[in-house]
Amino acid sequence: MSSNPVAETVASLMPAAKADLTELVAFKSVADFGQYPRAESEGAANWIADALRAEGFQDVALLDTPDGTQSVYGFLPGPEGARTVLLYAHYDVQPPLDEGAWTTPPFELTERDGRWYGRGTADCKGGLVMHLLALRALKANGGVPVSVKVIVEGSEEQGTGGLERYAEEHPELLTADTIVIGDVGNFRLGLPTVTSTLRGMTLVRVRIDTLEGNLHSGQFGGAAPDALGALIRVLDSLRAKDGSTTVDGLTGDARWEGLQYDEEAFRQDAKVLDGVELIGSGSVADRIWARPAVTVLGIDCPPVVGATPSVQAGARALVSLRVPPGTDAVEATRLLQAHLEAHTPWGARVSTEQIGQGQPFRADTSSPAYTAMAEAMAVAYPGEEMQSAGQGGSIPLCNTLASLYPSAEILLIGLSEPQAQIHAVNESVSPDELERLSVTEALFLQKYAAS
């Protein structure tokens with residue numbers, strides 16, 4: 001990175017950033033309180049509130065959102081008449097999955113092979129540390145030139161919509177001229193990228209019942225309707241032979257016109273086993289950024305170990321549907337539920353329940369804030385130009401903010417490049433990426449204030 005006072009300051013602050021992230025990662029802040037104690041999430045929220053106060057933020061508050069979790073808010077006033085920028089991150093994390101599969105404990109930040117490992121290092125506790133680093137660098141180099149609001153969500157990974165509903169009930173709280181969402185990542189490590197689109201999502205639980213109780217498969221199997229078998233049939237109907245998503249009434253042929261994703265690079269990023277085909281049709285970018293994608297997240301059924309020779313009376317599954325820009329998530333949910341019900345065989349009883357939902361998002365990349373971001377990235381990443389890419393994941397808050405504040409510019413950056421393996425075992429963050437993106441954000445705020 002070329003010599004720059006802000007960059008030099010960020011570099012000097014990296015040891016403190018590592019210490020901050022180490023403390024944050026130690027909180028097991030999974031916002032599913034059936035799995036992890038509420039006290040872990042509350043501890044993380046209080047840590048963040050204290051960190052904001054230490055940086056001079058005013059009106060720091062723990063917001064009790066309607067889904068039973070807490071978001072953390074703070075306001076740092078800038079010079080008189082300055083623009084206001086909202087910085088977003090979330091402190092809740094995905095469960096670590098199989099803790100035994102982690103090379104090092106998931107809730108202990110561990111440095112290995114030049115990366116920092118631990119759940120939330122990239123998604124998205126690292127995003128909060130990125131914001132803090134940028135603000136600290138600005139304070140050491142003439143001050144923060146804009147007013148800053150920070151909002152750190154406590155249940156983004158659960159998709160339960162607590163912060164969205166809170167913002168709708170308190171629309172004045174998060175008003176800003178520009179919003180920086182620190183919850184995505186560069187397309188490739190070292191390639192500066194803004195995310196211009198997000199797929200939305202819906203979560204539907206489906207239950208199938210066929211019998212009053214389980215039956216002996218030898219005595220009744222062959223005629224008694226098997227609920228698990230019916231469920232398998234229903235779930236199979238959600239995909240074509242090539243693996244493409246096939247929900248009745250949902251279009252799946254859109255094209256992605258921007259940055260493309262090389263198929264071999266995708267196979268390596270996704271760690272697809274040798275000889276296993278990718279699913280779907282069209283380019284990789286079409287499939288993951290522009291088209292719907294269904295995933296069966298879980299099935300309730302007897303485990304193989306201890307299973308008895310029984311015809312199952314009931315079975316259920318949790319189904320996720322990623323919804324591309326241009327498709328309404330509410331309508332997609334309706335179509336998914338109708339499909340599940342229509343494809344249930346043998347007259348089995350079926351019920352569906354929508355338990356999470358978020359709209360897709362598309363940004364205006366021609367805005368002045370994007371020009372300032374491109375200039376900042378050119379300094380932080382010498383020799384590279386800012387790229388615009390899509391994101392297959394969802395950040396439901398984006399559309400809520402776009403709806404509440406239609407004149408606000410929304411930019412998405414972050415630390416979740418492919419090597420970060422967010423949501424998987426051995427999640428990690430590149431400290432070089434954290435450093436460069438912190439420099440990027442600090443320079444962006446300077447350039448945006450001057451524009």
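- Under a 3.5 Å cut-off, the side chain of Arg255 and the backbone N or O of Ala290 do not form any donor-acceptor pair.
- With contacts defined as side-chain heavy-atom distances shorter than 4.5 Å, the pair Val323/Gln359 does not qualify.
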Margin query: salt bridge (Lys or Arg N to Asp or Glu O under 4.0 Å), that's the test. Do Glu417 and Arg115 meet it? Break it down for me.
Written below: CA-CA 12 Å; Glu417 40 78 28; Arg115 297 183 68 93; 2.7 Å; yes
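- Residues Glu341 and Thr352 have side chains that bring a donor and an acceptor to within less than 3.5 angstrom of each other.
- Checking side-chain atoms of Asp177 against main-chain N and O of Thr84 turns up a donor-acceptor pair under 3.5 Å.
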Next item on the list: Check step by step if salt bridge (Lys or Arg N to Asp or Glu O under 4.0 Å) holds for Asp300 and Arg207.
Entry: CA-CA 9 Å; Asp300 284 341; Arg207 180 178 181 89; over 6 Å; no
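- Taking 4.5 Å as the limit, every side-chain heavy atom of Leu63 sits out of range of all side-chain heavy atoms of His170.
- The OG1 atom of Thr344 sits 13.5 Å away from atom CZ of Arg349, with the distance rounded to the nearest 0.5 Å.
- In this model, no donor atom of one side chain and acceptor atom of the other lie less than 3.5 Å apart for Thr333 and Gln354.
- Looking at Arg119, its side chain never comes within 3.5 Å of a backbone N or O of Ala26 through a donor-acceptor pair.
- At a threshold of 4.5 Å between non-hydrogen side-chain atoms, the residues Tyr91 and Gln70 count as touching.
- Side chain of Trp47 to main chain of Asp50: no donor-acceptor pair is present (N/O by atom type, distance under 3.5 Å, no hydrogens or angles).
- Thr104 contributes no side-chain N or O that, together with a main-chain N or O of Thr110, makes up a donor-acceptor pair within less than 3.5 Å.
- Residues Ala315 and Leu228 approach most closely at CB-CA, 3.9 Å, considering heavy atoms.
- Using cut-offs of 30° and 60° for the angle between ring planes, the Phe444 and Tyr448 rings count as parallel.
- Here the straight-line distance linking atom OG1 of Thr202 with atom CD of Glu331 works out to 11.5 Å at 0.5 Å rounding.
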Next item on the list: Please step through side-chain contact (heavy atoms from CB on, under 4.5 Å) for the pair Asp183 and Leu397, ending with a clear verdict.
Entry: CA-CA 11 Å; Asp183 190 25; Leu397 183 65; over 6 Å; no
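- One N or O on the side chain of Thr175 and one on the backbone of Glu172 form a donor-acceptor pair closer than 3.5 Å.
- The heavy-atom pair separating Ala389 from Trp289 by the smallest distance is CB-CH2, 4.0 Å.
- Looking at Lys18 and Pro431, their side chains never come closer than 4.5 Å, going by heavy atoms from C-beta outward.
- Rounding to the nearest 0.5 Å places CD of Glu384 at 11.5 Å from CE of Met377.
- The nearest pair of heavy atoms linking Val93 to Phe107 is CG2-CE2, 4.3 Å.
- Using modelled atom types and a 3.5 Å distance limit, the side chains of Asn214 and Ser310 yield no donor-acceptor pair.
- Between the side chain of Glu427 and the backbone N or O of Ala122, at least one donor-acceptor pair lies under 3.5 Å.
- The side chain to side chain contact (heavy atoms under 4.5 Å, CB included) with Met386 is formed by just one residue from the set Val194, Ile413, Leu191, Thr371; it is Val194.
- How far CD of Glu264 is from CG of Asp269: 10.0 Å, rounded to the nearest 0.5 Å.
- When each of Leu238, Thr245, Asp248, Leu250 is checked for a side chain to side chain contact (heavy atoms under 4.5 Å, CB included) with Leu336, only Leu238 meets the rule.
- In summary, the aromatic rings of Phe187 and Tyr261 are positioned with their centroids under 6.0 Å apart.
- Here the shortest heavy-atom pairing between Leu97 and Ala424 reads CD1-CA, 4.2 Å.
- Across Asn426 and Thr103, no two heavy atoms sit closer than the pair OD1-N, 2.9 Å.
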Notebook entry, point to check: Leu401 and Ile181: side-chain contact (heavy atoms from CB on, under 4.5 Å), yes or no, with the steps?
Noted result: CA-CA 11 Å; Leu401 296 177; Ile181 306 289; 4.2 Å; yes
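- With a 4.5 Å cut-off on side-chain heavy atoms, Phe361 and Leu412 count as touching.
- Atoms CG and CD, on Leu132 and Glu441 in that order, are 9.5 Å from each other to the nearest 0.5 Å.
- The side-chain heavy atoms of Asp32 and Pro95, taken from C-beta on, include no pair separated by under 4.5 Å.
- Of the N and O atoms on the side chains of Asp92 and Gln158, not one donor lies less than 3.5 Å from an acceptor on the other residue.
- Between Asp20 and Leu24 the shortest side-chain heavy-atom distance does not fall below 4.5 Å.
- Shown are Thr193, Thr440, Asn186; of these, the side-chain hydrogen bond (donor to acceptor under 3.5 Å, both in side chains) with Tyr381 is made only by Asn186.
- Panel note: side chain Arg334, backbone Ala329; no donor-acceptor pair is recorded below 3.5 Å.
- Looking at Arg199, its side chain does come within 3.5 Å of a backbone N or O of Arg291 through a donor-acceptor pair.
- Asp432 and Ser430 share no side-chain donor-acceptor pair at under 3.5 Å.
- Defined by atom type and a distance below 3.5 Å, a donor-acceptor pair is missing between the side-chain atoms of Thr365 and Ser388.
- Side chain of Ser217 to backbone of Gly221: no donor-acceptor contact under 3.5 angstrom is found.
- Side chains of Leu321 and Val204 form no contact here, defined as non-hydrogen atoms less than 4.5 Å apart.
- Taking OG of Ser367 as the reference point, atom CE of Met373 lies at 10.0 Å (rounded to 0.5 Å).
- Ser244 and Ser281 get closest at one heavy-atom pair: OG-N, 3.7 Å.
- Of the charged side-chain nitrogens involved, none lies within less than 4.0 Å of a carboxylate oxygen, so that Arg165 and Glu168 do not count as a salt-bridged pair.
- Results of the side chain to side chain contact (heavy atoms under 4.5 Å, CB included) test with Leu86 over Leu173, Val180, Ile151 single out Ile151 as the only residue that passes.
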